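Structure first, commentary second.
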Amino acid sequence: MPTCSSETVINQLIFAVYGAQADARQRHVLRQALHGLVRHARAEQLQEMRRDVWRASGMAWLAPDGSGDFVALPYSPHDDGGHDG
């Protein structure tokens, strides 16, 4: 299965939308919008991965507001990483 970088896909989308006759401004505006979309998607993916890790490790619980979101467990004074002895 071939893999493509985001930049390759963005260039292909720009060509598909404007063809060869796009001016520099049109290409730039669309390229920046698509880069923003990629950054947003990566941030969402990272947030989902963190939530999955919290959930799998038992470090999160369902939010009490009924939203279905997970929140971090409250801090415990024993979580400081120190050893008693």
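Just so we're clear, the structure is a prediction, and the values are computed from it rather than from any experiment.
- Between H28 atom NE2 and D23 atom CG the span is 11.5 Å, to the nearest 0.5 Å.
- In the hydrophobic clustering of ILVMFWY residues, with side-chain heavy atoms under 4.5 Å counting as a link, L13 and Y18 come out together.
- Hydrophobic clustering (side-chain heavy atoms under 4.5 Å, transitive across Ile, Leu, Val, Met, Phe, Trp, Tyr) groups V17 together with V9.
- Under the 4.5 Å side-chain heavy-atom criterion for Ile, Leu, Val, Met, Phe, Trp and Tyr, L30 and L37 are members of distinct hydrophobic clusters.
- Here the CD atom belonging to E7 is positioned 5.5 Å from the CD1 atom belonging to I10, to the nearest 0.5 angstrom.
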Cut-off 3.5 Å, no hydrogens considered: what does the side-chain donor-acceptor table look like for residues 38-48, sequence neighbours left out?
from: H40; atom 1: NE2; to: E44; atom 2: OE2; distance (Å): 3.0
from: R42; atom 1: NH2; to: S6; atom 2: OG; distance (Å): 3.1

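- Put simply, the side chain of R27 gets close to the backbone of A22: a donor and an acceptor are under 3.5 Å apart.
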